[in-house]
Amino acid sequence: MLKRKLAELLTQAVAEVQQSGKLPSVTLPEVIIERPQNAEHGDYASSLPLKLARATGTSPLAIANDIVGHLAPTPEVEQAVVAPPGFINFTLKSSWLASQVESILVAGDGYGDIELGEGRRIQIEFVSVNPTGPLHVGHGRGAILGSTLANILAAAGYRVEKEYYINDAGSQIDAFRRSLYARYKQCLGLEAEVPEDGYLGNYMIDLAKEIVAEHGDKFLHLSSEVDAVNLVGELGLERIISQIRADLELLGVSFDVWFSERSLFSNGQYQEALSLLKQGGYISEKEGATWFVSTALGEDKDNVVIRSDGSPTYFATDIAYHYDKFVKRKFDTVINIWGADHLGHVSRMKAVVSALGIDPERLRVIISQMVTLRRGGEIVRVSKRSGDIITLRELVEEVGPDVCRFFFLSRSADSQMDFDLELAKKQSADNPVYYVQYAHARIASILRVAKERGIDHRDGDVSLLTTEPELMLIRKMLLLPELVETIATTLEPHHLTYYAQDLATIFHSFYKQCRVVSQNEALSKARLKLVEAAKIVLSRTLHLMGMSAPERM
RNA sequence: GCGCCUAUAGCUCAGUGGACAGAGCAUCGGUCUUCGGAACCGAGGGUCGUGGGUUCGAAUCCCUCUAGGCGCGCCA
């Protein structure tokens, strides 16, 4: 990556200046190369002299001049100039920029891939909604964040595994079973009431009907009603899970592993993790329950892991689950995407991880903030238990997966967002989604025209690409690998949407100014190469976001 | 009360300690186009919530305060 090369270039030049004695040999601060927002400041810039001035007490301008004087010439850099108060601005050679079109064509669908991860294993767990009902809109946000991040991390050279944690144990599942069994009985004309802590949504009635249709009343004739509740519950659970899976697929979200909470007990992780904590002295007994002593690690309070009735809490299984991730499966890094309602869980989970002897930095938690759903000015309340929900499926069916994905991605995870259904549909003509996809379809169309006219641009000479609109487009395309690096580091995929729009804008502008297929055959071929490269970059960007790159629309 | 998130143009939001704070939508004004007008070009619009501090340099880092959200269960 050029950015890195420039940093090395600067480092070397500084070393030379220091050797010449003009600069005290202080240790170098991190050499940051940035993309100036003002084009007059060149393609890349560094404020290294300003930082060195602080450390050495020398004039930044003098340092900058000395460094520039020692910069080795390279094929990429046209010039490096000093700008007050102490910047070094790099301008790239047009000929080098043009030549990058060939590199992009060679890279093809792999353009944007980088080596950052060096094959390290990274697990990303997301959605993981309790299988007690359909996914709602807020879950969609986590789903899109997770699947997009997974795409980015894979492009960044990590071995990525996407995982859905199925909470198929615990008290909420129990409430689900009892609710469903009550509906089951009602369906068969019997008196039954949904428990107070149960699930009241209409989908539970539909679920009960389906089970009656398939199995009739056979569960009423079991000797034990507990068995009946469990069996009916299990059937319901399976159906809910497959519905969740189908809903996610509709959005283009898939998983490598569906991990069952129950398996933690049958495979012994639960016991192992807890005894490990006990050995570390992090477990205590009080008030008839078993506690994790998080206060020993600076937390506000301790947390119950085993209730006084002997049943493990959600926290207990989550301890076992993370033990499994780090110790059993040996992931280098684990990313969890949780909703804002799990905020309180973050710090104690990190505490647990360090109590298990694992560097808590290896656990990264992304909190995706709430989504408020609107229809015009009206707020739609989202609550699973009351049953008044707009499901994710309804949303996707209304606005389509591409719009859905782009919309969720376009805001940073840590800010709350409104999702206005009316707006998402009504605006479709001015929608940024179509704007970006249109650019792609337009390119496809140009390439079709060229083909129809029998133009074979494989021998096109990219050195003919010299005008500003052409070079602007190339500059923007060269940003993608840097963007992948940024997102893989910060875990903030929303930048993709902005990049996609910028790239589309610059393409449209180029298109307006530069005729691609013209009488000038040599130039046509060169521009066809450029346009083909732009298609690659645009398509890769869309695919990273999990969106389609249409040939026509 | 404690913890975390948020506050930037009329609206929705970007903005890795750097050079005059950006985009989309909206508003106003242009381009009427041999390759796709779902396009392009331009204009107006901002005490970056408040008040301090650190720094050569702050929307960005630290503290105060204000407003909104979420969390602080032997729920998950």
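In what follows, chains are A, B, ... by sequence order, proteins preceding strands, each numbered from 1.
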Report task. Test for a donor-acceptor pair under 3.5 Å between the base of B:A19 and the side chain of A:Asn89, counting only N and O atoms. Result -> yes
Requested in this report: For A:Gln369, report the nucleic acid contact type (base, sugar-phosphate, nothing); a contact means any heavy atom under 4.0 Å.
Outcome: sugar-phosphate
Report task. Tell me whether the OP1 or OP2 atom of B:G15 has a side-chain N or O from A:His495 closer than 4.0 Å. Result -> yes
Requested in this report: Have a look at A:Glu287 and say if it touches a base, only the backbone sugar-phosphate, or nothing, with a 4.0 Å heavy-atom cut-off.
Outcome: base
Requested in this report: Check the distance between B:C75's C1' and A:Asn167's CG and give it to me in whole angstrom.
Outcome: 11 Å
Query raised in the report: Of the nucleotides B:C74, B:G17, B:G15, which has the atom closest to the A:His494 side chain?
Result: B:G15
Requested in this report: Between B:A76, B:A39, B:G69, spot the one nearest the side chain of A:Met370, thanks.
Outcome: B:G69
Query raised in the report: Hey, does A:His41 reach any base, or is it just sugar-phosphate, or nothing, if we go heavy atoms under 4.0 Å?
Result: base
Query raised in the report: Which part of the nucleic acid, if any, lies within contact of A:Ala441, taking any heavy atom under 4.0 Å across all strands shown: a base, the sugar-phosphate backbone alone, or nothing?
Result: base
Query raised in the report: Taking N and O atoms by type only, does the side chain of A:Ser445 place a donor or acceptor under 3.5 Å from a partner on the base of B:C35?
Result: no
**Report entry** Nearest-angstrom distance, P atom, B:A14 to B:A67
**Finding:** 24 Å
Report task. Just call it for A:Lys51: base, sugar-phosphate, or nothing, with non-hydrogen atoms closer than 4.0 Å on any strand. Result -> base
Report task. Return the value, rounded to whole Å, for the distance between atom CZ of A:Arg411 and atom C1' of B:C11. Result -> 11 Å
Requested in this report: Among B:G18, B:A14, B:A38, find the nucleotide with the atom closest to the side chain of A:Ser412.
Outcome: B:A14
Requested in this report: When you get a sec, tell me which of B:A76, B:A19, B:C35 is the closest nucleotide to the side chain of A:Ser171?
Outcome: B:A76
Query raised in the report: Would the number of heavy atoms belonging to other residues, nucleotides or ligands and lying under 6.0 Å from CZ of A:Arg448 be above 12?
Result: yes
Query - Interatomic distance, A:His440 NE2 vs B:A38 P [rounded to whole Å] - result: 18 Å
Requested in this report: Among B:C35, B:C40, B:A76, find the nucleotide with the atom closest to the side chain of A:Val449.
Outcome: B:C35
Requested in this report: Sticking with atom C1', work out how far B:G44 lies from B:G36, rounded to a whole angstrom.
Outcome: 32 Å
Requested in this report: Ignoring backbone atoms, test whether A:Ser347 places a side-chain nitrogen or oxygen under 4.0 Å from the OP1 or OP2 oxygen of B:C4.
Outcome: no
Query raised in the report: Checking all strands, does A:Phe315 fall into the base, sugar-phosphate, or nothing category for heavy-atom contacts under 4.0 angstrom?
Result: nothing
Query - Chi angles and distances behind the ring-ring contact (aromatic ring centres under 6.0 Å, His included) call for A:Tyr270, A:Tyr323 - result: CA-CA 8 Å; A:Tyr270 173 75; A:Tyr323 171 78; over 10 Å; no
Report task. Evaluate the criterion ring-ring contact (aromatic ring centres under 6.0 Å, His included) for residue pair A:Phe126 and A:Tyr164; output intermediate values, then yes/no. Result -> CA-CA 6 Å; A:Phe126 55 107; A:Tyr164 189 116; 8.3 Å; no
Query raised in the report: Between B:G15, B:C56, B:C35, which nucleotide gets closest to the side-chain atoms of A:Leu50?
Result: B:C56
Requested in this report: Whole angstrom is fine here: how far is it from CG in A:Asp414 over to C1' in B:U60?
Outcome: 14 Å
**Report entry** Phosphate OP1/OP2 of B:A23 contacted by A:Tyr435 side-chain N/O (<4.0 Å)
**Finding:** no
Report task. Compute the ring centroids of A:Phe507 and A:His440, then answer whether they are less than 6.0 Å apart. Result -> no
Query raised in the report: A:Ala45 near the nucleic acid: base, sugar-phosphate alone, or nothing, with a heavy-atom cut-off under 4.0 Å?
Result: base
Query raised in the report: What nucleic acid atoms does A:Ala340 come within less than 4.0 Å of, heavy atoms only: base, sugar-phosphate, or nothing?
Result: sugar-phosphate
Requested in this report: Give a yes or no on whether a donor-acceptor pair under 3.5 Å exists between the nucleobase atoms of B:C75, that is its base, and the side chain of A:Gln172.
Outcome: yes
Query raised in the report: Taking the same atom, P, in B:G10 and in B:G18, what whole-Å distance lies between them?
Result: 25 Å
Report task. Considering only atom P, compute the distance from B:A59 to B:G52 and round it to an integer number of Å. Result -> 14 Å
Query raised in the report: With a non-hydrogen cut-off below 4.0 angstrom, is A:Glu34 in contact with a base, only sugar-phosphate, or nothing?
Result: base
Query raised in the report: If we take the P atom in both B:C5 and B:A58, what is their distance in whole Å?
Result: 23 Å
Report summary line: Here the distance between atom P of B:A38 and atom CG of A:Asp402, to the nearest Å, is 19 Å
Query raised in the report: Reckon A:Ser47 touches a base, only the sugar-phosphate, or nothing at all at heavy-atom distances under 4.0 Å?
Result: base
Query raised in the report: Touch check for A:Glu551, heavy atoms < 4.0 angstrom, all strands: base, sugar-phosphate only, or nothing?
Result: base
Query raised in the report: Of A:Leu343 and A:Ala413, whose nearest nucleotide on RNA chain B comes first from the 5' end?
Result: A:Leu343
Query - Check against salt bridge (charged side-chain N to carboxylate O under 4.0 Å, His left out), A:Glu125 and A:Lys325 - result: CA-CA 10 Å; A:Glu125 181 222 320; A:Lys325 292 184 184 195; 2.7 Å; yes
Report task. When you get a sec, tell me which of B:A19, B:A39, B:C74 is the closest nucleotide to the side chain of A:Ser308? Result -> B:C74
Query raised in the report: For atom C1', what is the distance between B:C32 and B:U47, given to the nearest Å?
Result: 43 Å
Report task. Assign the ring pair A:Trp338 / A:His342 to parallel, tilted or perpendicular, where the plane angle (0 to 90°) is split at 30° and 60°. Result -> tilted
Query - Nucleotide nearest A:Tyr434 (side chain, heavy atoms from C-beta), chosen from B:G24, B:A38, B:G36 - result: B:A38
Requested in this report: Quote, to the nearest angstrom, the C1' distance that separates B:C72 from B:A9.
Outcome: 37 Å
Report task. Indicate, with a heavy-atom threshold strictly under 4.0 Å, whether A:Arg348 touches base, sugar-phosphate, or nothing. Result -> base
Query - Under 5.5 Å and under 30°: A:Tyr498 stacked on B:A14 - result: no
Query raised in the report: What interatomic distance, in whole Å, is found between P of B:A38 and the corresponding atom of B:C25?
Result: 15 Å
**Report entry** Whichever of A:Pro85 and A:Thr505 has its nearest RNA chain B nucleotide further upstream toward 5'
**Finding:** A:Pro85
Report summary line: Considering only heavy side-chain atoms of A:Tyr438, the closest of B:A19, B:A76, B:G36 is B:G36
Report task. Measure the distance from CG on A:Leu52 to C1' on B:U55 and round it to the nearest whole Å. Result -> 16 Å
Report task. Look at the side chain of A:Met553 and decide which nucleotide, out of B:G68, B:A38, B:A19, has an atom nearest to it. Result -> B:A38
Query - Heavy-atom donor-acceptor pair, A:Arg54 side-chain to B:G57 base, under 3.5 Å - result: yes
Query raised in the report: Are more than 12 heavy atoms from other residues, nucleotides or ligands located less than 6.0 Å from atom CE of A:Met472?
Result: no
Requested in this report: Using atom CD of A:Glu299 as one end and atom C1' of B:G73 as the other, report the distance to the nearest whole Å.
Outcome: 16 Å
Query raised in the report: Quick one: is the NZ or CZ of A:Arg348 closer than 6.0 Å to the six-membered ring centre of A:Phe315, and within 45° of its axis?
Result: yes
Query - d(CD1, A:Ile446; P, B:C35) in whole Å - result: 10 Å
